[in-house]
Peer 1: 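Structure provided below as structure tokens; questions to follow.
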Number of protein chains: 2
Amino acid sequence: MKNTTADKQARLFKALMHPVRIQILEILRNGEACVCHIEAILGLRQAYVSQQLAVLRRAGFISDRREGPNIYYRIIRHEVLDLLDMARALAGESESTLPLSAGCSCPRCATPIVLLERGV
Amino acid sequence: MKNTTADKQARLFKALMHPVRIQILEILRNGEACVCHIEAILGLRQAYVSQQLAVLRRAGFISDRREGPNIYYRIIRHEVLDLLDMARALAGESESTLPLSAGCSCPRCATPIVLLERGV
DNA sequence: CGATGATATTCAAAAAATCGCATACAATAG
DNA sequence: CTATTGTATGCGATTTTTTGAATATCATCG
């Protein structure tokens with residue numbers, strides 16, 4: 001595998017060239033989320049979401065953390081969000097219309113908002 | 001073809017996911033260039049360069065202008081250079097090492113530098 | 001221990017991108 | 001008009017990506 005500057009740049013863009021991966025990053029923009037959460041928001045199968053998460057992980061954009069049976073993903077290279085913003089502007093879109101909440105069964109979603117706000 | 005915000009963003013990244021196209025944009029960063037020029041700098045065949053230029057043109061990043069037998073390409077969405085810069089930074093590279101001059105037979109290249117500087 | 005729920009990985013088929021070759025086209029020279 | 005030069009496009013073989021289905025793993029509960 002070649003490793004010029006252009007190759008490295010191309011690999012980053014390659015990881016972003018898929019709408020589902022872009023939507024996943026938009027979800028993670030608001031903070032950690034478990035797979036079941038992403039699955040519920042996007043209406044996609046678990047295995048498929050896991051695959052796309054793996055691509056983003058290999059690209060170095062996100063990382064994961066296990067909490068009991070759930071695995072929470074988060075963005076570790078926040079610059080990638082700037083890339084998304086810039087591309088959105090170039091595409092002539094002002095907002096990314098994405099449902100950000102979803103009813104999934106992970107403990108975080110199951111916990112009433114009131115308690116979350118109290119930091120419980 | 002779907003047309004959500006994420007789809008549009010993905011199409012832009014798709015046009016940038018190839019090292020040769022990134023290198024072409026880096027060449028055009030310095031101003032107009034004809035196909036023979038790009039061909040000479042990158043050491044690629046003419047038909048191949050034309051194909052990559054077509055992808056960049058369809059993505060709306062560049063435009064062309066005919067001058068006699070030569071066709072000069074230029075960037076029309078300069079924001080794309082910001083995307084390249086940002087990706088380069090994310091890749092941990094500070095400079096794009098790219099030969100910017102080349103000996104090709106187009107009138108512009110054939111004109112001695114001295115004359116170009118005088119605006120001839 | 002076995003069962004269950006959450007997630008990851010593997011495999012294969014379908015779709016798309018890459019890239020070389022041949023050819024078409026436009027402009028100029030003769 | 002014909003030949004030549006600079007460029008574009010069409011076609012096909014190869015490679016890569018996508019996507020679903022099946023399976024594996026890992027933590028927890030009983």
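Note on naming: letters A, B, ... go to the chains in the order of the sequence lines (proteins, then strands), and numbering restarts at 1 for each one.
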Peer 1: Under 4.5 Å between side-chain heavy atoms, hopping through other hydrophobics if needed: is there a path connecting B:V55 to B:I38?
Peer 2: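 No, no single cluster joins them.
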Peer 1: Without decimals, in angstroms, what is the distance between B:E39 CD and D:dG6 P?
Peer 2: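 For the pair B:E39 CD and D:dG6 P, the rounded distance is 9 Å.
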Peer 1: Quick check for you: to the nearest 0.5 Å, what is the distance between B:Q23 atom CD and B:I27 atom CD1?
Peer 2: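 That separation rounds to 7.0 Å.
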Peer 1: Could you tell me how far apart A:L42 (CG) and D:dT18 (P) are, to the nearest whole angstrom?
Peer 2: 16 Å
Peer 1: Assess whether a salt bridge exists between B:E26 and B:R88, defined as any Lys/Arg side-chain N lying under 4.0 Å from an Asp/Glu carboxylate O.
Peer 2: yes
Peer 1: After noting the C-alpha distance and the side-chain angles of A:L56 and A:L28, does the key distance pass the side chain to side chain contact (heavy atoms under 4.5 Å, CB included) rule?
Peer 2: CA-CA 12 Å; A:L56 291 172; A:L28 296 182; 5.8 Å; no
Peer 1: Do any side-chain atoms of residues 6-18 of chain B form donor-acceptor pairs under 3.5 angstrom with protein atoms, and if so which ones, sequence neighbours left out?
Peer 2:
residue : atom : partner : partner atom : Å
B:D7    : OD2  : B:T4    : N            : 3.3
B:D7    : OD2  : B:T4    : OG1          : 2.8
B:K8    : NZ   : A:E93   : OE2          : 2.3
B:Q9    : NE2  : A:L84   : O            : 2.9
B:R11   : NH2  : B:N3    : OD1          : 2.5
B:H18   : ND1  : B:V20   : N            : 3.0

Peer 1: Would you say A:R45 reaches D:dA21's phosphate, i.e. side-chain N/O to OP1/OP2 under 4.0 Å?
Peer 2: yes
Peer 1: Would you kindly compare B:V55 and A:P69 by the position of their nearest DNA chain C nucleotide and give the one closer to the 5′ end?
Peer 2: A:P69
Peer 1: Over how many whole Å does the gap from B:Q23 atom CD to C:dT18 atom P extend?
Peer 2: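 B:Q23 atom CD is separated from C:dT18 atom P by 14 Å.
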Peer 1: Indicate yes or no: at least one non-hydrogen side-chain atom of B:L83 is less than 4.5 angstrom from one of B:M86.
Peer 2: no
Peer 1: Expressed in angstrom and rounded to an integer, what is the separation of B:I24 atom CD1 from D:dT7 atom C1'?
Peer 2: 13 Å
Peer 1: Less than 4.0 angstrom between a side-chain N/O of A:R66 and OP1 or OP2 of C:dA6, yes or no?
Peer 2: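 No, A:R66 has no side-chain N/O under 4.0 Å of OP1/OP2 on C:dA6.
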Peer 1: Distance check needed: C:dT7 C1' versus A:L44 CG, whole Å only.
Peer 2: 15 Å
Peer 1: Indicate whether OP1 or OP2 belonging to C:dA6 is found under 4.0 Å from a side-chain N or O atom of A:H37.
Peer 2: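 So the side-chain polar atoms of A:H37 never come under 4.0 Å of the phosphate oxygens OP1 or OP2 of C:dA6.
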Peer 1: Using a strict cut-off of less than 4.0 Å between a Lys/Arg side-chain nitrogen and an Asp/Glu carboxylate oxygen, indicate whether B:E32 and B:R65 qualify as a salt bridge.
Peer 2: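 Yes, this pair counts.
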Peer 1: What nitrogen or oxygen pairs link the protein and nucleotides 8-15 of chain C at under 3.5 Å?
Peer 2:
residue : atom : partner : partner atom : Å
C:dA8   : OP1  : A:Y73   : OH           : 2.3
C:dA8   : OP2  : A:S50   : OG           : 2.3
C:dA8   : N7   : A:Q46   : NE2          : 2.8
C:dA8   : N6   : A:Q46   : OE1          : 3.4
C:dT10  : O4   : A:Q51   : NE2          : 3.2

Peer 1: For the atom pair CZ (A:R57) and CD (A:Q52), what is the distance rounded to the nearest 0.5 Å?
Peer 2: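 Answer for the CZ-CD pair, A:R57 versus A:Q52, is 12.0 Å.
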Peer 1: Short of 4.0 Å, heavy atom to strand atom, which residues of residues 3-14 of chain B count as contacting DNA chain C?
Peer 2: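 DNA chain C contact set from residues 3-14 of chain B: B:K14.
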Peer 1: Could you please name the option among C:dT7, D:dT18, C:dC19 that lies closest to any side-chain atom of B:H18?
Peer 2: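 So the nucleotide nearest the side chain must be C:dC19.
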Peer 1: Out of curiosity, B:E39 CD to B:L53 CG, how far, rounded to the nearest 0.5 Å?
Peer 2: 10.5 Å
Peer 1: In whole angstroms, how far is the C1' atom of C:dA27 from the CZ atom of B:R65?
Peer 2: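 Going from CZ in B:R65 over to C1' in C:dA27 covers 15 Å.
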Peer 1: If you compare every side-chain N and O of A:N70 against the phosphate oxygens of D:dA27 (OP1, OP2), does one of them come in below 4.0 Å?
Peer 2: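 For D:dA27, neither OP1 nor OP2 has a side-chain N or O of A:N70 closer than 4.0 Å.
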